[in-house]
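Working notes, structure below.
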Amino acid sequence: YPYINSRGDVRGFKNRPLYGGNRIDGAPKFVGTLNTPVAQTDLYGLHVARKYAEKHLVIVEGQHDVLSMAQDGIRNVVSSDGTTLNFDKLDLLQDMGIKNVVLAFDGDNPGKQASKSVAQVLNEKREDLNMIVKIASIPDGTDPDEMIRNGQRISLLSSIMLAVYANQYLIDMIIAD
């Protein structure tokens, strides 16, 4: 997967190592230019998605999520490259004029915990962010890529459209526990 900045320049790459399908103990899950400024500040697919982000931009975890959704006609999607969404990435979107963002991380425990962390930080520390950030609840144990591949496009789009503000997401998490 190439790291392409918002101007369309290739700045690095990331991919899974080829171990014959089995991960070797201690081996990294991904290889490439991972811990570089490009990887820390860019969003996968932004050079394409920015053209389609008139109403909102959807941020998902992985590149497969972006690719599956784009192939299904949902092109306003970028990947945060895992569960890390930092303020450098949100600032980049804000500088580009993006006003509405929906976070649609995976419905597994790491995705839910990452969404909760983002919600807490947004509620506590960023009054200067001139952007509406909502959080979608992806069904338990699924991710956007899997939902598209399993014919659950409507369910995925419904989750995105029903996304809630960060404080409501935190309340919902408390009630669910």
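What's counted below: heavy atoms across the whole structure, side chains too, no hydrogens, waters or symmetry copies. Residue numbers count from 1 along this sequence.
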- Linked, directly or transitively: Ile135 and Leu170 (ILVMFWY side chains, under 4.5 Å): no
Mind checking whether [X] and [Y] have side chains closer than 4.5 Å, heavy atoms only?
X      : Y      : result
Asp143 : Asp108 : no
Leu46  : Leu92  : yes
Val102 : Leu57  : no
Tyr44  : Ser80  : no
Val101 : Met131 : yes
Asp106 : Pro144 : yes

Practice problem: Begin with the C-alpha distance, continue with both residues' side-chain angles, and end with the deciding distance and a verdict on side chain to side chain contact (heavy atoms under 4.5 Å, CB included) for Leu156 and Ile138. | Solution: CA-CA 7 Å; Leu156 174 60; Ile138 300 300; 3.8 Å; yes
List for me each residue that meets side-chain hydrogen bond (donor to acceptor under 3.5 Å, both in side chains) alongside [X], sequence neighbours excluded, and say none if there are none.
X      : result
Lys116 : none
Asn130 : none
Asn150 : none
Asp145 : Ser68, Arg149

For the atom pair [atom1] ([X]) and [atom2] ([Y]), what is the distance rounded to the nearest 0.5 Å?
X      : Y      : atom1 : atom2 : answer
Thr142 : Gln152 : OG1   : CD    : 6.5 Å
Leu43  : Ile59  : CG    : CD1   : 5.5 Å
Leu67  : Gln63  : CG    : CD    : 7.5 Å
Leu122 : Ser117 : CG    : OG    : 10.5 Å

Report the residues that fulfil side chain to side chain contact (heavy atoms under 4.5 Å, CB included) with [X], sequence neighbours left out, ordered by chain and then residue number.
X      : answer
Gln71  : none
Met161 : His56
Leu162 : none
Ser137 : Tyr169

Any idea which heavy atoms bring [X] and [Y] closest together, and the distance?
X      : Y      : result
Lys51  : His47  : CE-O, 3.7 Å
Ala49  : Val77  : CB-O, 3.4 Å
Val78  : Gly45  : CG1-C, 3.9 Å
Met147 : Ser155 : CE-OG, 3.4 Å

In the hydrophobic cluster built from side-chain contacts under 4.5 Å, what are the other members alongside [X]?
X      : value
Ile154 : none
Val48  : Tyr52
Ile132 : Tyr165

Just do the side chain to side chain contact (heavy atoms under 4.5 Å, CB included) check on Ile148 and Asp65 with the steps written out, would you? CA-CA 9 Å; Ile148 292 294; Asp65 299 323; over 6 Å; no
- [ ] Kindly determine whether Leu129 and Gln94 satisfy side chain to side chain contact (heavy atoms under 4.5 Å, CB included), including the steps that lead there.
- [x] CA-CA 8 Å; Leu129 190 65; Gln94 185 170 287; 3.2 Å; yes
Sorted by chain and number, sequence neighbours left out, salt bridge (charged side-chain N to carboxylate O under 4.0 Å, His left out) with Asp140 holds for Lys112
Chi angles and distances behind the side chain to side chain contact (heavy atoms under 4.5 Å, CB included) call for Val58, Lys134: CA-CA 10 Å; Val58 179; Lys134 292 184 175 182; over 6 Å; no
Notebook entry, point to check: Okay, side chain of Arg153, backbone of Asp72: is any donor-acceptor separation there less than 3.5 Å?
Noted result: yes
Is Ser79 reaching over with its side chain to a backbone N or O of Glu61, donor-acceptor style, under 3.5 angstrom? yes
